[in-house]
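Report on the structure given below.
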Amino acid sequence: MSKNRKWLLPLCLFIIVIILEAAALYGTSHRSRGVTLYFVRHGQTDTNVAGLLVGTSGNPTLTETGEEMAAQLGEGLSDITFDAAYASTLTRAYDTASLVLSAAGQGDLPITQLEGLQDISWGDAEGMTSDEMYEKFGISTPAEAFGDVDDAEFVSPINAESKYDFCERFEDAVFEILEAQEDGDTVLVVAHSSMDFFFQKYFPEQAGGGVENLSVTILRYEDGAFTLVDYNDTSYLQ
């Protein structure tokens with residue numbers, strides 16, 4: 001019996017080592033890679049050029065420059081393989097997504113449109129210039145029209161959609177997108193300048209400076225949290 005027991009401890013240790021190594025290999029191969037979201041603001045429109053405040057009203061289309069730069073962005077993103085693509089239901093966002101994907105060599109990828117990704121409403125100031133809005137409503141900054149991202153009680157003096165309400169429905173759309181993805185997916189999301197309020201909500205110290213036409217902001221969602229990878233990056237156009 002004592003001779004058999006001499007082999008028992010080494011055998012147990014050997015089995016434990018094998019189990020630990022197998023667990024380590026399994027954990028490495030099944031480690032979460034999260035979902036990477038490429039947020040792109042649509043290309044230039046006539047109303048952008050004219051300096052008009054147009055959110056959900058009207059439906060301006062891309063200028064020739066906007067179309068050309070959207071294709072240029074697609075070339076800059078051609079090394080990225082997108083597993084899914086989304087856009088707001090406004091034409092300027094959908095057309096931008098189409099041009100980007102086509103130039104990136106992924107023109108066959110379907111684009112899902114979500115109302116939750118739509119631009120913010122400027123309320124009674126839709127179609128005005130900033131100066132016209134300031135003069136008519138007696139406000140001095142756009143911030144006075146939208147409130148703060150965490151102010152659920154804010155009432156806009158121009159009947160605009162508040163930042164809080166915008167973030168609520170934009171966030172719902174983002175999580176609808178995330179729920180449809182698999183681990184490791186990369187997703188293109190084309191929306192509007194107002195999506196910066198969503199970035200501002202999650203990254204108040206890093207975001208909030210405004211996103212330019214056809215800029216790229218990259219978020220990674222993993223283990224229930226967002227990480228800001230890149231913000232308002234226009235280098236892909238180069």
Side-chain angles (χ1 to χ4, degrees), residues 19-43 70-119 149 166-192 194-203 206-207 211 214-237:
I19 292 173
L20 290 175
E21 288 181 349
L25 286 172
Y26 180 86
T28 300
S29 62
H30 289 75
R31 187 173 297 149
S32 172
R33 293 176 292 162
V35 175
T36 303
L37 301 164
Y38 279 69
F39 289 93
V40 172
R41 183 188 172 189
H42 65 78
Q72 190 174 334
L73 175 60
E75 293 174 5
L77 293 171
S78 59
D79 290 339
I80 308 298
T81 299
F82 293 108
D83 299 288
Y86 293 81
S88 91
T89 52
L90 295 172
T91 300
R92 57 192 183 272
Y94 182 84
D95 287 353
T96 297
S98 297
L99 289 164
V100 167
L101 289 172
S102 179
Q106 298 185 65
D108 293 335
L109 188 67
I111 302 168
T112 301
Q113 293 182 276
L114 297 177
E115 287 190 6
L117 297 176
Q118 277 200 27
D119 205 353
V149 295
F166 169 83
C167 287
E168 287 290 294
R169 54 106 166 163
F170 193 90
E171 184 177 59
D172 286 345
V174 170
F175 278 100
E176 181 179 343
I177 292 170
L178 289 170
E179 287 170 5
Q181 309 313 309
E182 296 183 358
D183 187 42
D185 278 358
T186 299
V187 183
L188 175 68
V189 182
V190 182
H192 306 268
S194 49
M195 64 182 168
D196 194 45
F197 299 146
F198 173 74
F199 305 147
Q200 193 176 340
K201 174 182 177 179
Y202 281 91
F203 309 99
Q206 297 171 279
V211 289
L214 297 171
S215 64
V216 177
T217 296
I218 304 173
L219 298 188
R220 187 174 187 77
Y221 186 76
E222 188 173 10
D223 298 329
F226 288 106
T227 300
L228 183 63
V229 178
D230 201 0
Y231 174 68
N232 191 34
D233 188 351
T234 58
S235 66
Y236 292 95
L237 293 166

*If every non-hydrogen atom of Ser88 is compared with every non-hydrogen atom of Ala93, which pair is closest and at what distance?*
OG-CB, 3.4 Å
*Side chain Asp230, main chain Thr217, donor-acceptor under 3.5 Å*: no
_Donor-acceptor pair, side chain of Asp185 and main chain of Asp83, under 3.5 angstrom_ = no
*Please round to the nearest 0.5 Å and tell me the distance separating atom CD1 of Ile177 and atom CG of Leu37.*
7.0 Å
*Have Asp196 and Tyr231 got a donor and an acceptor in their side chains that come within less than 3.5 Å?*
yes
_Would you say the rings of Phe175 and Tyr221 are close, in the sense that their centroids are separated by under 6.0 Å?_
yes
*asked:* For the NE2 atom of His192 and the NE2 atom of His42, what is their distance to the nearest 0.5 Å?
replied: 5.5 Å
*If you look at every heavy atom in Leu109 and Ala84, which pair is closest and at what distance?*
CD2-C, 3.8 Å
*asked:* Within the structure provided, determine whether Thr234 and Leu214 are in side-chain contact (heavy-atom separation under 4.5 Å).
replied: no
*Do Phe39 and Val174 have side-chain heavy atoms sitting under 4.5 Å apart?*
yes
*Arg92/Asp119 ion pair, N-O < 4.0 Å*: yes
*Report yes if the distance between the aromatic ring centroids of Tyr86 and Phe170 is under 6.0 Å, otherwise no.*
no
*Considering all heavy atoms, the nearest Val187-Phe82 contact*: C-CD2, 3.8 Å
*How close do Ala71 and Ala103 get, heavy atom to heavy atom, and via which atoms?*
O-CB, 3.1 Å
*Any luck finding a side-chain donor-acceptor pair between Arg41 and Ser215 under 3.5 Å?*
no
*What distance separates Gln72 CD from Leu99 CG, expressed to the nearest 0.5 Å?*
12.5 Å
*Report the residues that fulfil salt bridge (Lys or Arg N to Asp or Glu O under 4.0 Å) with Asp95, sequence neighbours left out, ordered by chain and then residue number.*
none
_Where Ala207 and Gln200 come nearest, the two heavy atoms and their spacing_ = CB-N, 4.1 Å
*Side-chain contact test, heavy atoms from C-beta onward, threshold under 4.5 Å: evaluate it for Val229 versus Leu219 and give yes or no.*
no
*Quick one: CD1 on Ile111 to CG on Leu188, what's the gap to the nearest 0.5 Å?*
7.5 Å
*Decide yes or no on side-chain contact (heavy atoms from CB on, under 4.5 Å) for Val211 and Val216, but give the supporting numbers first.*
CA-CA 8 Å; Val211 289; Val216 177; over 6 Å; no
*Can any side-chain N or O of Gln106 pair as donor or acceptor with the backbone N or O of Ser102 at less than 3.5 Å?*
no
_I need the Ile80 CD1 to Thr36 OG1 distance, nearest 0.5 Å._
9.0 Å
*Does the side chain of Phe166 come within less than 4.5 Å of Ser194's, by heavy atoms?*
yes
*Compare all side-chain heavy atoms of Leu178 with those of Phe226 and state whether any distance is below 4.5 angstrom.*
yes
*Is it true that Lys201 and Glu171 have a side-chain N and a carboxylate O under 4.0 angstrom from each other?*
yes
*asked:* I'd like to know whether Leu117 forms a side-chain contact (heavy atoms from CB on, under 4.5 Å) with Val189, so could you lay out the CA-CA distance, the side-chain angles of the two residues, the decisive distance to 0.1 Å, and finally the verdict.
replied: CA-CA 9 Å; Leu117 297 176; Val189 182; 3.9 Å; yes
*To the nearest 0.5 Å, tell me how far Thr89 OG1 sits from Leu114 CG.*
8.5 Å
*Could you check if a side-chain atom of Leu77 sits within less than 4.5 angstrom of a side-chain atom of Leu101, using non-hydrogen atoms only?*
no
